[in-house]
Amino acid sequence: MILQDLNRVRQITVIAARHGFGELAERAGLWRIVGRKEKVEVSPEAQRASTARRFRMLLNDLGPTFVKLGQVLSTRADLLPAEYIDELAMLQDHVEPIPLEAVHAQIEDSLGAPVDALFATIDPSPLAAASIAQVHRAVTLEGEEVVVKVQRPGIAARIDSDLGVLRSLARLLEAVVEETGVYTPTGIVDEFDRAIHEELDFINEATNIRAFLENHRERPYLKIPRVYATLSSRTVLTLEFIRGVKLNPAELSEPERKAIAQNILDASFRQLFEDGLFHGDPHPGNLLLMEDHRLALLDFGVVGRLSRPMQETLVMLCLAVALKDSESVARILYRMGVPDARANLVGFRNDIEALLGQHLATTLGQVDTRSLLRDLLDLAVKYRIRIPKEYALLSRASVSTEGMLRSLYPEMNIIEVALPYAKELLAGRYDPMQLQGGLMRTLLRFQSMAQDLPTQLSQILLDMESGKFTVTVRADQFDKLNENLRSAAVIAFMGLCACGFIVGAFISFAPKPWMYGNVPVLGAVGIAVAAAFFGAAITWYLFGGRGLGKVRLSRFLKKPRRK
């Protein structure tokens, strides 16, 4: 590590010790790396807090990169336990805004022109300031109101530097932390690396916004801001300014709250099952209520994508959960994920059956979706099934959406509202009137198995073509016979070699008998070499072979029973 990295490691170690992680730092050898150990007192707040809360406070004190790490992890219920996800969801950016001169310099450097040649005015006071970027209102040369999202100068280099330190720390932690999930510390850092670099590239966000704008063009209740391509780049993003206020259910009448809740639900359904592109963080701060009661969706840095097969799998999973079909739920989750090893499907199914019995003991309208989704993901992690990040992101988005719906219109009857969507999803696939019967469950299992079968057969054929497919027939008697024959063959070979050395030595050196007393020297050397070969054979027979020799040796070493 370079000196700058060592200073950062020392800073991280001191802050970690202050938050009660000193023992972990000691086990990872961090004090040895930085050269000396300091006495650090654990803060009183950390002494009273849980491990998850101390972890959140630690990330908050370590600065923007680590705050962003926590925010990314809070959307990935497949990486961390539920209590950590809940704590990390409370992480907020607390950063000082960058000066207006730095904003102008970043815009000019990114867009390649002076600010006054690009914008008529830029408001010196930012609308928002975060660890990655800050946002200013502005007016274009054509007089259109826009918002300009400007990346903080040098933030990419700082994040890359911290990522290098994070990787080094992750490798150290892997040596001392027992692995409990399907992701190692370095795997988590790699996931964060991909996510943060996608967010640092504003071109990705602009592409997402254009896709959302096209998908929702025919949905009049939702407003998506327009991208100004000529005023945007990798570090600057210019969007249409939308006038609106944050959702506040207390200021709305009951009919208004009901209509808005219905629009949110409809938009969520269309994103998942029609568009295959959904907003990854639909919390109230990313929704504005316009004067005409349309909803404006903001902040497209985190989005999820579902392919058609993923959409079909999601429909089957929802249906299997509604029917309390634990076997189908287990098979679908197994197919959705990537097993880290051969999973115990029987145990997985039994745990899911208990979980569904716990959460679906009452009517579907009273189901706690947050707990159900979280527990299903925790089970997948327990059985080492790596769920794709799209599904984990969907879980977070679903929980946020459900929270908004409950705050807007808690009297909403989930069954009545969801029934039209269920009929639409099941149209042409099943008869909705048979949802309570055994026929539906049978058809669901058959479809699940039918979808699994081609994949399994294809894998078998690929293994056969590549020569990896083998069939092993085992029998204890044949194994013992094989080991005995192999042992006998090796001993016979070594014995022949020994005899050959003895005879060869006497024949070859008979004309020139070098005598020591009455003993021929070369003959004695041949006998010694032969004895070495024979000793090696006996040694292999007793200690190296897996046949009768090993059995006899074990009998020889076995302690006699006391009478």
Side-chain angles (χ1 to χ4, degrees), residues 97-160 194-220 222-244 271 275 277-281 285-288 290-292 294-305:
I98 57 176
L100 186 62
E101 295 77 14
V103 172
H104 285 186
Q106 181 76 319
I107 292 174
E108 292 177 355
D109 182 64
S110 182
L111 300 181
V115 171
D116 55 8
L118 299 169
F119 299 96
T121 61
I122 294 182
D123 192 338
S125 299
L127 289 174
S131 56
I132 298 295
Q134 68 184 42
V135 180
H136 290 258
R137 286 185 61 179
V139 178
T140 66
L141 297 178
E142 292 76 21
E144 297 177 288
E145 288 187 297
V146 295
V147 292
V148 185
K149 183 177 180 180
V150 183
Q151 192 171 118
R152 285 179 169 269
I155 188 64
R158 179 174 179 179
I159 287 176
D160 285 338
R194 285 189 288 269
I196 194 64
H197 279 94
E198 285 183 7
E199 192 169 344
L200 284 170
D201 188 354
F202 291 172
I203 294 177
N204 290 327
E205 186 171 353
T207 302
N208 296 336
I209 295 173
R210 293 190 186 98
F212 269 85
L213 184 62
E214 182 62 30
N215 290 340
H216 294 276
R217 192 176 298 279
E218 303 301 326
R219 297 162 194 164
L222 198 63
K223 172 69 175 177
I224 306 296
R226 181 166 59 92
V227 178
Y228 287 76
T230 58
L231 298 175
S232 300
S233 66
R234 296 177 65 90
T235 56
V236 175
L237 180 62
T238 304
L239 304 173
E240 173 187 5
F241 176 73
I242 298 177
R243 295 184 182 277
Q271 289 177 39
D275 308 336
L277 179 70
F278 64 92
H279 197 289
D281 194 16
N286 287 334
L287 279 175
L288 290 181
M290 303 174 66
E291 292 181 356
D292 56 3
R294 286 190 299 165
L295 290 171
L297 196 56
L298 310 176
D299 193 356
F300 299 85
V302 180
V303 301
R305 288 177 170 81

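Only a predicted model underlies this, so the values are computations on that prediction, with no experimental measurement involved. Nothing fancy with the numbering, it's 1 onward along the sequence.
Looking at Asp299 and His279, their side chains never bring a donor and an acceptor atom within 3.5 Å of each other.
Residues passing the side chain to side chain donor-acceptor pair (under 3.5 Å) test with Asn208, sequence neighbours excluded: Arg305. Shown here are the side chain to side chain contact (heavy atoms under 4.5 Å, CB included) partners of Ala195, two or more places apart in sequence or in another chain: Val72. His136 is linked by a side chain to side chain donor-acceptor pair (under 3.5 Å) to Gln134, counting only residues two or more places apart in sequence or in another chain. Gln106 meets the side chain to side chain donor-acceptor pair (under 3.5 Å) test with no other residue; sequence neighbours excluded. The salt bridge (charged side-chain N to carboxylate O under 4.0 Å, His left out) test applied to Glu145 returns Arg137, Arg243, not counting sequence neighbours. In terms of the side chain to side chain contact (heavy atoms under 4.5 Å, CB included) criterion, residue partners of His104 (sequence neighbours excluded) are, by chain and number, Leu100, Val115, Ile122. When the side chain to side chain donor-acceptor pair (under 3.5 Å) test is applied to Asn204, no partner is found at least two apart in sequence or on another chain. Contacts of Ile224 classified as side chain to side chain contact (heavy atoms under 4.5 Å, CB included), with partners at least two apart in sequence or in another chain: Ile209, Phe212, Leu213, His216, Leu222, Leu297, Phe300. Residues that satisfy the side chain to side chain contact (heavy atoms under 4.5 Å, CB included) test with Ser233, not counting sequence neighbours, are Ser110, Leu111, Thr235, Val236. Residues meeting the salt bridge (charged side-chain N to carboxylate O under 4.0 Å, His left out) test with Arg219, sequence neighbours left out: Glu274, Asp275.
Among residue pairs with one or both ends in residues 105-132, none qualify as salt bridge (charged side-chain N to carboxylate O under 4.0 Å, His left out); sequence neighbours excluded. Counting only residues at least two apart or in different chains, side-chain hydrogen bond (donor to acceptor under 3.5 Å, both in side chains) contacts with residues 147-158 comprise Lys149-Glu205.
Between Ile196 and Ile132, the closest side-chain pair of non-hydrogen atoms falls below 4.5 Å. For the pair Leu231 and Thr140, the minimum side-chain heavy-atom distance is below 4.5 Å.
Partner of Leu239 under the side-chain contact (heavy atoms from CB on, under 4.5 Å) criterion, chosen from Leu298, Val147, Val146: Val147.
Here the CG atom belonging to Leu288 is positioned 9.0 Å from the CG atom belonging to Leu295, to the nearest 0.5 angstrom. Within the model, atoms CG of Asp201 and OG1 of Thr207 stand 8.5 Å from one another, a figure rounded to the nearest 0.5 Å. Taken to the nearest 0.5 Å, the CG atom of Leu141 stands 10.5 Å off from the CD atom of Glu144.
When atom types are taken as modelled, the side chain of Thr238 and the backbone of Ser232 share no donor-acceptor pair closer than 3.5 angstrom. Looking only at distances, a side-chain donor or acceptor of Asn286 sits under 3.5 Å from a matching main-chain atom of Asp281.
Nearest heavy-atom pair, Pro153 versus Ala102, reported as atom, atom and distance to 0.1 Å: CG-O, 4.3 Å.
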